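Structure record follows, encoded as structure tokens.
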2 protein chains.
Amino acid sequence: MARSTRESILTAAAELMRHRGYAGVGMKDIAEASGAPIGSLYHHFRGGKVEIAREALTNAGHAYGLLIPAVVDGYDDLGAAVEGIFAQAAEDMAQTGFANMCPVASVAGEIADTVEELRTATRDVFTAWIDGGTAYFVSRGLGRTMGRQVTLAIVGALEGAFLLARAMRDAEPLLAAGATMAPQFRGIALVPPAHVGGATRSVAT
Amino acid sequence: MARSTRESILTAAAELMRHRGYAGVGMKDIAEASGAPIGSLYHHFRGGKVEIAREALTNAGHAYGLLIPAVVDGYDDLGAAVEGIFAQAAEDMAQTGFANMCPVASVAGEIADTVEELRTATRDVFTAWIDGGTAYFVSRGLGRTMGRQVTLAIVGALEGAFLLARAMRDAEPLLAAGATMAPQFRGIALVPPAHVGGATRSVAT
DNA sequence: GTCTATAGACAGATAGAC
DNA sequence: GTCTATCTGTCTATAGAC
């Protein structure tokens with residue numbers, strides 16, 4: 001899965017931080033999980049823990065940014081698409097024993113006021129999601145303003161519902177979010193996706 | 001503000017964890033911020049850091065659970081109320097320099113898979129919010145099913161939008177959430193609140 | 001570029017004087 | 001019930017052999 005040492009360090013860090021956040025993960029944990037000794041971590045990432053986290057979050061963020069468009073590709077009605085996103089998320093969560101999907105969210109709340117370099121990293125990930133989602137919805141025929149608002153609402157509701165679902169070990173918050181947001185958009189048509197299709201959905205990091 | 005030593009320890013812990021999460025706050029930090037020496041922390045909380053966090057989160061959770069009903073009290077239309085909640089949240093956030101409103105959310109994502117005692121504490125807080133919110137909306141004339149779904153959706157969307165807003169240092173996610181959810185509920189009437197009025201909105205812990 | 005050993009600071013927790 | 005001194009373990013980071 002991970003060819004280089006560098007890569008295995010990043011995937012190990014992302015996986016650990018997804019579960020335990022930033023401060024809860026030690027360099028020793030990352031070393032053990034990646035199979036690399038501590039020295040290698042500092043050899044590949046001279047910036048230490050912060051740099052590892054920054055790159056791990058950025059990589060994971062890019063991967064997760066593809067998920068929403070991949071799911072929406074299968075729908076031609078915005079309301080149905082929104083419902084599908086949350087239903088898919090609920091299913092994934094239940095299958096993974098309610099572990100959070102994305103390390104970015106786990107870390108973002110913890111470091112927003114303290115580690116500026118990581119705050120900007122999470123901000124950049126969120127911004128990329130929102131800009132990318134907006135562009136995607138525009139390509140599916142929505143107006144730019146509406147595309148952006150829908151993307152912001154979906155991403156925000158997803159992250160919050162994940163938080164509740166993890167703490168409660170129950171998918172109800174995700175389903176309630178979908179059920180509440182979807183009717184609003186029912187009847188709004190999406191034009192067929194322009195690209196050929198490629199992107200497949202993948203849950204694991 | 002905080003009379004007893006015990007109380008000042010809990011408010012200091014809640015305030016610190018609101019900004020830095022659980023693992024990011026040390027006992028020494030709590031001691032310094034509360035004015036109590038380390039020994040006092042263990043005298044009052046034999047369970048150590050976990051017990052302090054558990055009680056701090058529970059207390060803060062109760063306080064924040066009153067906020068949504070307090071805001072909604074001022075509205076007689078569900079759509080306007082939903083919009084009001086997010087507008088209010090956006091205003092508060094901007095005023096506090098985008099610090100998260102509630103320590104429960106900051107901590108919940110970090111410990112859901114690792115510190116079971118704190119996970120149940122956050123779960124209990126969320127459950128109390130949802131049950132309390134449902135009961136409140138029922139008292140305002142909504143059906144139980146809809147009241148619960150609306151509460152779940154509001155709480156989830158709020159937490160997620162807070163996360164985005166903190167990372168981005170921008171209130172747009174909160175406003176987008178309100179704008180997206182509100183129209184759905186416009187025209188659904190709320191009967192006047194039963195109680196006399198008392199509860200005033202308070203942002204600080 | 002890989003890996004070991006360890007420095008130096010700090011964590012959570014405790015004992016016990018007052 | 002308050003507070004100090006300290007124990008033990010772990011943290012991030014580094015030095016330097018290979």
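Each chain gets a letter, A, B and so on, in the order its sequence line appears, and its residues count up from 1. Model, not experiment: these values are computed from the prediction.
Residue-level contact check: Gly39(B) touches the bases, meaning some heavy atom is under 4.0 Å from a base atom. Residue contacts for Val25(B): at a heavy-atom cut-off of 4.0 Å it reaches the sugar-phosphate backbone alone, with no base atom in range.
Atom C1' of nucleotide dT2(D) and atom CD1 of Ile9(B) are separated by 11 Å, given to the nearest angstrom. Rounded to whole Å, the distance from CG on Asp29(A) to P on dT10(D) is 11 Å. Atom pair Leu16(B):CG and dA11(C):C1' shows a separation of 15 Å (rounding to whole Å applied). Rounded to whole angstrom, the span from the NZ atom of Lys49(B) across to the P atom of dC10(C) amounts to 16 Å. Across the protein-nucleic acid pair, Arg46(A) atom CZ and dT14(D) atom C1' stand 14 Å apart, rounded to whole Å. Atom C1' of nucleotide dA9(C) and atom CE of Met27(A) are separated by 16 Å, given to the nearest angstrom. Computed from coordinates, the Lys28(A) NZ to dC10(C) P distance equals 20 Å when rounded to whole Å. In this structure, Ile38(A) atom CD1 and dG16(D) atom C1' are separated by 16 Å, rounded to whole Å.
Listed pair Thr5(A) / dT2(C) meets the phosphate criterion, a side-chain N or O lying under 4.0 Å from OP1 or OP2. Under 4.0 angstrom from either OP1 or OP2 of dA13(C) there lies at least one side-chain N or O belonging to Tyr42(B).
Taking a cutoff of 4.0 Å between a charged side-chain nitrogen and a carboxylate oxygen, Asp113(A) and Arg166(B) qualify as a salt bridge. Ionic pairing of Arg123(A) and Asp170(B) is not present here: no N-O contact between side-chain nitrogen and carboxylate oxygen is shorter than 4.0 angstrom.
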task = Please lay out, stage by stage, how Thr151(A) and Trp129(A) fare under the test side-chain contact (heavy atoms from CB on, under 4.5 Å).
result = CA-CA 8 Å; Thr151(A) 305; Trp129(A) 288 354; 5.9 Å; no
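Considering only side-chain atoms of His43(A), the nucleotide from dT2(C), dT4(D), dG12(C) that sits closest is dT2(C).
Under 3.5 Å, the side chains of Tyr136(A) and Arg140(A) contain a donor-acceptor pair of N or O atoms.
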